[in-house]
Each structure stands twice: as structure tokens, then as C-alpha cells.
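Heads up: the structure comes next, in C-alpha cells.
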Number of protein chains: 2
Amino acid sequence: MHLSNTSKYTIRILAYMVKQKESSLISAKELSENLNIPYKFLTKIMTELVKVGFIESIRGREGGYKFLKKASEITVGDVLALFNDAIKNEECILGIDSCDVKEKCALHDKWIKSKVQLQKMFRESTIESIAGEGTKI
Amino acid sequence: MHLSNTSKYTIRILAYMVKQKESSLISAKELSENLNIPYKFLTKIMTELVKVGFIESIRGREGGYKFLKKASEITVGDVLALFNDAIKNEECILGIDSCDVKEKCALHDKWIKSKVQLQKMFRESTIESIAGEGTKI
DNA sequence: TTTAATTACTACTCTAAGGTAGTATTAAAT
DNA sequence: ATTTAATACTACCTTAGAGTAGTAATTAAA
């Protein structure tokens, strides 16, 4: 019951970026050093974020990254969905294919409440809303 | 945000076993076939469950497994703890070492409610309590 | 126009989880 | 005693996530 490193990194990257001046570009070097994420692994993630349209990249000297989509319109749930960490509605927690209201797995009823709350929390946590003043990067 | 296959299998194994006659031994073959878990992988898990004292094994012909600890005293949380899937209280969801009430990670406050509920649910879900009549194996 | 600083791409290595294979050990049935 | 059906042990293979290395492409500064 954990998030992948990639998801963790991405949430921290986006939360860091939203705290910077909106217009300014942020380089992979700055992100890597300040967030303590391996440089090469970070650039791989950034390229993915560019591909899906969350982030815009400016190449070449003085280049860097900035938001393409608004931070208020990207949720933690969106990030988890990118890296296969999202809790899908139809997916059984015990991995049983045909688990549904008619044929429930052993944990179905107890899990469903937690699941709904988790999904709601991830869906309502926009990157903007989680990047508060006092929070650690 | 998923459980490992090992945890999923184990919960299903124990829930299956608790539905059988208390005194009877259950073989790896029966478990593997009925739960559709690879035989060799299952025996590896069973050996681990014997080692930690949840299960007792009887070797030799006509042997098999049965509960050593009572199913009402084994929780889903116990199983998750065995296979490193438990949500540890001190562990930050974003992987930040020093995340606590003084220095919070970006998700700290929103995560904590879900975390507490999840932990409670896993702690209160005994193997006996989840192995209901109509549930799928 | 050259250099420096940046992102993008391709192709690896490393590690742990998941899974498999073969053999040893045990003990009841025959 | 021998056979058979069971668990236990050791060693391996496979896969995906995590991380690394080198180079190409891009673009502003010098």
C-alpha cells in the first residue's frame, strides 16, 4: 500500500514548481538539486510530464520547464493515474477479476469505504491546493 | 497504491482456510487449485506463514496446513506487515524523511485522515471477520 | 560563429518482486 | 520395506520499476 517513487517524485516536483514565480522557467538542475531527485531520472519524468501536457519545456540555453496546464487543474489523482498508482474503481483490492456487488471478495465491503475516501482525497487535492506555504519540499 | 501479489494471495489463502472445517488439514495442492495461485509460489508463502506462527504444517503423506494462531486473532494488517505492505505511522506518503507535524510534506494533512481510516480498517479486519459466507475466493 | 547550458533520446545496469525447477525430507498407506 | 503424497529447501529465471550513461538537438550568450 505505497506509492511508486515516480509518483512521489512527481508530486513533489509539481508542488515545488507551483511555489515559484509563475512566469519563470525552472531547470532540471534546480529541481534535481532542491528536491534531491537523481538528475537523469528526473529528466525522464519531466519529459513524460511534457508529453502528457502538464508541463511545457523550453529547450536550449536558458531553457527550462513551466506549467502548461494550470496547477489548479492538475490533481494528485491525475499524477497517480499517469504512473499506474491510481485506485481504479473496478479494480478488486485482492485481485479477483469478477469481484463486484454480486460476487464480493472477502475485503470488498470493508475496503470500499476507504477506497471512496481515498479516491475523493486524491481527486480533490489539486497541485495548487497542496503546495502550501509551510510545507516541506 | 496497491497491495503486493503476495499480500493479496495470503489474505485469500487465510480467508479460504478459515471457511474449512477447523480440525481438517488443507494441502497446498487444494489451495493452489481452488485459489488459482501458482503452486510453487504458494508453498513459498505457506512456509513463511508457518515460520511466523500463523499456520502449522504437518509434513508427510496426508499432511497439510491448519491454523496455529486463531483466525480471529490474525488481522489483514498483520498480513500486510509481513510483506512490507503496511502503512507505517511514521512513514511519509511522499517519502520525505523528516515529515512530521512540525515540518509537513505537501500531502501530509490530506493524507492523514485517509491513513488513519485505512490503518483502522486493516487492524479491525480479522481473517475470521472477512471470510463471510457469500464471499468469493 | 563558437561555446555553454539546456532538454530529448537511446540504451543500458541494478534491484526486488514474482515465479519456476529440482531435490530433500517426512510419514502414512500399501 | 516400498511407495506415495505431502511439506521444506536451495537455486535459479523473469519482469518491471528505478536509476545511470552517453550522445544528439536546441538556443541564447559570448
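Naming: A, B, ... by sequence-line order, numbering from 1 per chain. Quantities reported herein were computed from a predicted structural model and do not represent experimental measurements.
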Of the nucleotides [options], which has the atom closest to the [X] side chain?
{"X": "B/Thr47", "options": "D/dA6, C/dT7, D/dA8", "value": "D/dA8"}
{"X": "B/Pro38", "options": "C/dG19, D/dA28, D/dT7", "value": "C/dG19"}
{"X": "A/Ser57", "options": "D/dA5, C/dA8, D/dA29", "value": "C/dA8"}
{"X": "A/Val50", "options": "D/dA28, C/dA27, C/dA8", "value": "C/dA8"}
{"X": "B/Tyr65", "options": "D/dA8, D/dA28, D/dT20", "value": "D/dA8"}

Shortest non-hydrogen contact from B/Ala131 toward B/Ala15: CB-O, 3.6 Å

Closest non-hydrogen atom pair between A/Lys29 and A/Tyr39, with its separation: N-CE1, 3.8 Å

Whether A/Ser32 side chain and A/Ile37 backbone form a donor-acceptor pair below 3.5 Å: yes

Side-chain donor/acceptor contact of A/Arg59 with base of D/dT27 under 3.5 Å: no

Donor-acceptor pair present, A/Lys40 side chain and D/dG22 base, under 3.5 Å: yes

Between [X] ([atom1]) and [N] ([atom2]), how many Å, whole number?
{"X": "B/Glu56", "N": "D/dA8", "atom1": "CD", "atom2": "P", "value": "11 Å"}
{"X": "B/Leu25", "N": "C/dA29", "atom1": "CG", "atom2": "P", "value": "12 Å"}
{"X": "A/Ile58", "N": "D/dA25", "atom1": "CD1", "atom2": "C1'", "value": "15 Å"}

Touch class at under 4.0 angstrom, heavy-atom based, for A/Ser27 against every strand present: sugar-phosphate

Does a side chain donor of either [X] or [Y] reach within less than 3.5 Å of an acceptor in the other side chain?
{"X": "B/Ser7", "Y": "B/Ser4", "value": "yes"}
{"X": "A/Lys44", "Y": "A/Thr6", "value": "no"}
{"X": "B/Glu30", "Y": "B/Tyr16", "value": "yes"}
{"X": "A/Lys136", "Y": "B/Ser98", "value": "yes"}

Tabulate protein N/O versus nucleotide N/O from nucleotides 14-18 of chain D, keeping only pairs under 3.5 Å, one per line.
unit_1	atom_1	unit_2	atom_2	d
D/dA18	OP1	A/Asn5	N	2.8
D/dA18	OP2	A/Thr6	OG1	2.6

Nearest-nucleotide comparison on DNA chain D, the residue closer to the 5′ end among B/Arg61 and B/Lys51: B/Arg61

Phosphate contact (C/dT6 OP1 or OP2) by A/Tyr39 side-chain N/O below 4.0 Å: no

